[in-house]
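As structure tokens, the structure follows; a few thoughts come after it.
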Amino acid sequence: MNRNYTKLDASFYEGDDVVMLARQLIGKLLITNRDGGRCSGRIIETEAYNGITDKASHAFGGRRTARTEIMYANGGVAYVYLCYGIHHLFNVVTNSKDIPHAILIRAIEPIEGKDIMMHRIGASTLKHNLGSGPGKVTKALGIRVEDTGFSLLSDQLFIADDGFVPMNIIATPRIGVDYAGADAALPYRFVVADHPAISAKSFTKKFIA
DNA sequence: CGACCGATCGTCT
DNA sequence: GACGATCGGTCGA
């Protein structure tokens with residue numbers, strides 16, 4: 001494996017087209033350096049949340065609450081929130097200050113620190129689906145709600161480009177946003193088609209799409 | 001394999 | 001007081 005990579009910088013996260021950025025994150029490495037070791041996974045599934053006009057976004061209508069305030073920060077920080085009282089979901093905040101764009105990382109293919117990630121997940125055997133879902137991505141990599149606001153330019157939590165060129169990226173509607181009316185149909189989810197480690201719900205969604 | 005269900009709690013109304 | 005940008009288990013076919 002090629003261990004040479006370039007950390008994504010502020011100019012990437014400050015880009016103004018969150019849908020394009022979500023697509024560009026496919027194939028990049030999401031890396032954490034904490035709690036006993038370095039772990040990384042290749043991003044294979046993302047979703048764009050396109051600001052105040054996107055009904056599926058927590059920032060729809062320009063809503064600002066204590067929880068969502070970080071979405072209005074300048075791009076390049078983490079937005080992690082608790083879903084269903086159990087799962088921590090990791091988002092990348094993009095664009096500039098006061099424009100609440102975010103990208104949900106929904107699945108990774110485990111690359112480095114597989115033993116550590118297995119331990120965090122509680123898996124006894126290594127399976128391809130160690131990071132096949134947004135809740136599992138954070139659990140495997142040791143990302144928590146307390147990381148909200150954490151800079152992605154740090155060495156503890158960041159995204160890097162190692163030159164890998166993903167194949168067969170397709171766009172589909174997002175998962176679990178049926179409440180968003182017409183916006184639920186927007187093709188804002190990106191996945192590596194037929195990858196074995198995309199999120200479980202994706203399989204049914206893929207054929208609907 | 002698909003359908004269903006319980007877990008679990010912060011956030012917003 | 002209701003409800004999630006979910007997950008893993010179980011049940012039945």
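Numbers restart at 1 for each chain; the letters A, B, ... are given by sequence-line order, proteins then strands.
- Contact annotation: A/Y79 side-chain N/O to C/dA5 OP1/OP2 distance is not under 4.0 Å.
- For A/K139, no side-chain nitrogen or oxygen approaches OP1 or OP2 of C/dT6 to under 4.0 Å.
- For the pair A/Y81 OH and C/dT6 C1', the interatomic distance rounds to 9 Å; values are reported in whole Å.
- Base pairing annotation: B/dT8 forms no Watson-Crick or G-U wobble pair, as no partner gives both donor-acceptor distances under 3.5 Å.
- Following rounding to the nearest Å, A/L89 (CG) and B/dT8 (P) show an atom-to-atom distance of 18 Å.
- A gap of 16 Å separates the P atoms of C/dC3 and B/dC5, to the nearest Å.
- Between the P atom of B/dC9 and the CZ atom of A/R67 lies a distance of 16 Å, rounded to the nearest Å.
- When the P atom of C/dG4 is taken as reference, atom CZ of A/R174 falls 15 Å away, rounded to whole Å.
- Listed pair A/R106 / C/dT6 meets the phosphate criterion, a side-chain N or O lying under 4.0 Å from OP1 or OP2.
- What you find for A/R34 and A/I143 is that their closest heavy atoms are NH1-CA, 3.9 Å.
- In plain terms, the two heavy atoms of A/V137 and A/A107 that are nearest each other are CG2-CA, 3.7 Å.
- Remark: the backbone N or O of A/G27 is paired with a side-chain donor or acceptor of A/R42 at under 3.5 angstrom.
- Scanning atom types as modelled, one donor and one acceptor separated by under 3.5 angstrom connect the side chain of A/H58 and the base of C/dA5.
- Taking atom NE2 of residue A/H87 and atom C1' of nucleotide C/dT6, one finds them 4 Å apart after rounding to whole Å.
- Nucleic acid contact class of A/I86 (heavy atoms, under 4.0 Å, all strands): base.
- The nearest pair of heavy atoms linking A/M71 to A/H58 is SD-CB, 3.9 Å.
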